[in-house]
Number of protein chains: 2
Amino acid sequence: MTRRVTIADIAAAAGVSKGAVSYALNGRPGVSENTRRKILGIAAEMGFVPNRAARSLSVSSAQAVGIALRRSARTLGIEPYFMELISGIEATLSAGSLGLTLQIVDTVEEELEVYRRWWAERRVDGVLLCDVGASDPRLDFVADLGLPAVAVGGPVEGARLPAVWHDDAEPCREILEYLYALGHRRVARIAGLPHLLHTAIRDAAHTETAAALGLESMTTVHSDYTGEQGARITRRLLSSANRPTAIIYDNDVMAVAGLGVAHELGLHVSEQLSIVAWDDSPLCRLTHPALTSLTRDISAYGSHCAEVLLTLIGADAPSPEKRAFSVQCRPAQLSPRGSTGPAPA
Amino acid sequence: MTRRVTIADIAAAAGVSKGAVSYALNGRPGVSENTRRKILGIAAEMGFVPNRAARSLSVSSAQAVGIALRRSARTLGIEPYFMELISGIEATLSAGSLGLTLQIVDTVEEELEVYRRWWAERRVDGVLLCDVGASDPRLDFVADLGLPAVAVGGPVEGARLPAVWHDDAEPCREILEYLYALGHRRVARIAGLPHLLHTAIRDAAHTETAAALGLESMTTVHSDYTGEQGARITRRLLSSANRPTAIIYDNDVMAVAGLGVAHELGLHVSEQLSIVAWDDSPLCRLTHPALTSLTRDISAYGSHCAEVLLTLIGADAPSPEKRAFSVQCRPAQLSPRGSTGPAPA
DNA sequence: CCAAGTCACCGAACCGGTTCAGCTATCATC
DNA sequence: GATGATAGCTGAACCGGTTCGGTGACTTGG
């Protein structure tokens, strides 16, 4: 294994000092165009790649951002959301040649501890906070720590840090009006974790819109996003006396599970029961019938979050007027497919 | 923002030299038990956390391992395999307080470039190679580079690096014998990417076993693991003159898609068509009927791979007899569920 | 009582970059 | 022609750890 090439080697080869090489490589003033070209040539020729640790040590930046996920391995596995989000984040980061450090945690305490450690070690320059809760201890924690962070979800009130989010209320209205137009009067919704911010927002939007439309019933049951719970709650709802004619699921996994239960009970989906899923992953198109869903570009969402974080930590200085603060993305669009139809008589 | 605590601060507070502090913190000989306790006490009190960059610079280790995934965002999203694998890897790594660096790439060339850069920058101490191909350029590349790596899949012949794998042939025999016992004589298999090593192994095992059992037909069609292709191929197979009575899918996503197609064609799954899925994710239990599948503990598999990599890079020196070389894991187990039944008359 | 050996600790070099004060040569200015 | 400004570069300090040679104190043994 040949030894690594350092700037000292380049300096020696070019007959200049280490400082000059550093200026040349970083495109800073302080060297003439001629020597810069010469140095760059030698560096390329010798296959120079700067040592991260050395740079981080002097500049005190990690050239990496972190993300801690507080979900079980099983949930992370089936839930397409996270991988799509991560792949979007990753795309933006690697364009700026930043690394992504990933950690899976069990509890909030553990998550806070991870942030504390990452920041103390300078292992990351900033973090992305997923699954933002209505009153989330992490927001103040990272702000107090001074750790740059972006909330993936919002809006967060009294925001001490930027948030990137979709308007969740509008799609809720859209879907309820759509179901109403199809004749549905008894609608149920299997919602996500109740403490999450967007769950609360959707809850409110549904209650409000249902009242405005004068629906006969608008039941909301909270769940943990797993297929098991989705199936269990669906089974209960469909066995009740006055069963709903349409069910809205807060994610696609539960919707697929719900579809399975409908099959199991011998209910024809679309004729006897309509199903709508949030978060349109390819999963929604695999089933028969395909699931009507609320489509968001989650990968783009992730990219967006990463961009905001980058401007926040000043990794790539964009136009100065581009403020690094809360951004709202295009809301989810309704994609009607086979799983919704006119309400049964 | 209060300034970070460094070992110099601790040294000053304890009235000793930086060197002594370093010895004390790392549990090395060179300080008395008394001063060690004193130093540890002060360090804890001041909330000391060592700076990664500084340590990496002197020790020249990154305290992180890397993983580059060469799959599209969409595939990564629906395919539960990767997230489960990653979560297993992550569990082992964070136990050893190593970080996980993730990157998503488009082409092999790009992937090789990522390895070269990571290693040159000393951003990682080693990597895990996923989706091992039958003749995989990455194996020699990382070996030549001197970059510690573990192949997640195998066995790889002429191995210059360790591999961790499951025996894929045995489950193939098991499933075919099971289907045979149920009376199936025309079996099809929608296989994965043809260049992948385990695909080749499964191909061979199926062909061989089918011949041994004297099956009427054993069709294998290769795909790219996506639900779209799974559906398309299933549709074609089921529309053919002498359609199979059982289909084996190389992953769960395609199996779910296949189930959708069966519904679409009005075929009763288990009575008219049996379906078997590889890689039992929770997805397989969401559908109706639930999918018979070949269960592997992918998360444990990931942990295992990470352990081998750790011993390889010597991060945690285990018992010396524990050689860091190719390990074979427990093969997948057949989990019979509702999607398989006796062949139709 | 002194030589040898051991223990605990210090001081300094080192890893590979960045950055800044300072020096020199060049050039414009009055 | 003295003065000042500036571009181009050097040398050294610095970031925060690790590591190693060396030193003084203390124990041990003959």
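Chain letters run A, B, ... following the sequence lines, proteins first and then strands; every chain starts at 1.
Taking the side chain as every heavy atom from C-beta outward, B:Ile104 and B:Glu110 never approach each other to under 4.5 Å. Inter-residue side-chain proximity for A:Arg160 and A:Leu139 is flagged as unmet; no heavy-atom pair is nearer than 4.5 Å. B:Arg138 places a side-chain heavy atom less than 4.5 Å from the side chain of B:Arg70.
Going from atom CZ of A:Phe48 over to atom C1' of C:dG16 covers 8 Å, rounded to whole Å. Counting to the nearest Å, the C1' atom of C:dG17 and the CZ atom of A:Arg52 are 13 Å from each other. Counting to the nearest Å, the C1' atom of D:dT18 and the CZ atom of B:Arg122 are 17 Å from each other. When the C1' atom of D:dC14 is taken as reference, atom CZ of A:Arg55 falls 16 Å away, rounded to whole Å. Taking atom CG on A:Asn26 and atom C1' on C:dG17, their separation rounds to 9 Å, with Å as the unit. Separating the CG atom of B:Leu57 from the P atom of D:dG17 is a distance of 12 Å, rounded to the nearest angstrom. Between the CD atom of A:Glu33 and the C1' atom of D:dC9 there is a distance of 15 Å, given to the nearest Å. Per the geometry, CZ belonging to A:Arg123 stands 15 Å off P belonging to D:dG17, to the nearest Å.
Taken residue by residue, residues 8-22 of chain A places heavy atoms nearer than 4.0 Å to DNA chain D at A:Gly15, A:Val16, A:Ser17, A:Ala20.
If you check D:dT19, C:dG17, C:dT18 against the side chain of B:Arg28, the one that comes closest is D:dT19. Between D:dT18, C:dC9, D:dG16, one nucleotide has an atom nearer to the side chain of B:Asn51 than all others, and that is D:dG16.
For the OP1/OP2 pair of C:dC7 and a distance below 4.0 Å, the side-chain nitrogens and oxygens of B:Ser32 include no atom meeting the criterion. Residue B:Ser56 places no side-chain N or O under 4.0 Å from the OP1 or OP2 atom of D:dG17.
Side-chain atoms of A:Ser72 come within 3.5 Å of backbone atoms of A:Thr75 as a donor-acceptor pair (strictly under, hydrogens ignored). At least one donor-acceptor pair closer than 3.5 Å links the side chain of A:Arg122 to the backbone N or O of A:Trp119. Between the B:Asp125 side chain and the B:Val65 main chain, no donor and acceptor come within less than 3.5 Å of each other.
Judged by closest nucleotide on DNA chain D, A:Tyr23 is the one of A:Ser58 and A:Tyr23 placed further toward the 5' end.
For B:Arg55 against B:Pro50, the heavy-atom pair with the smallest separation is NH1-CG, 3.8 Å.
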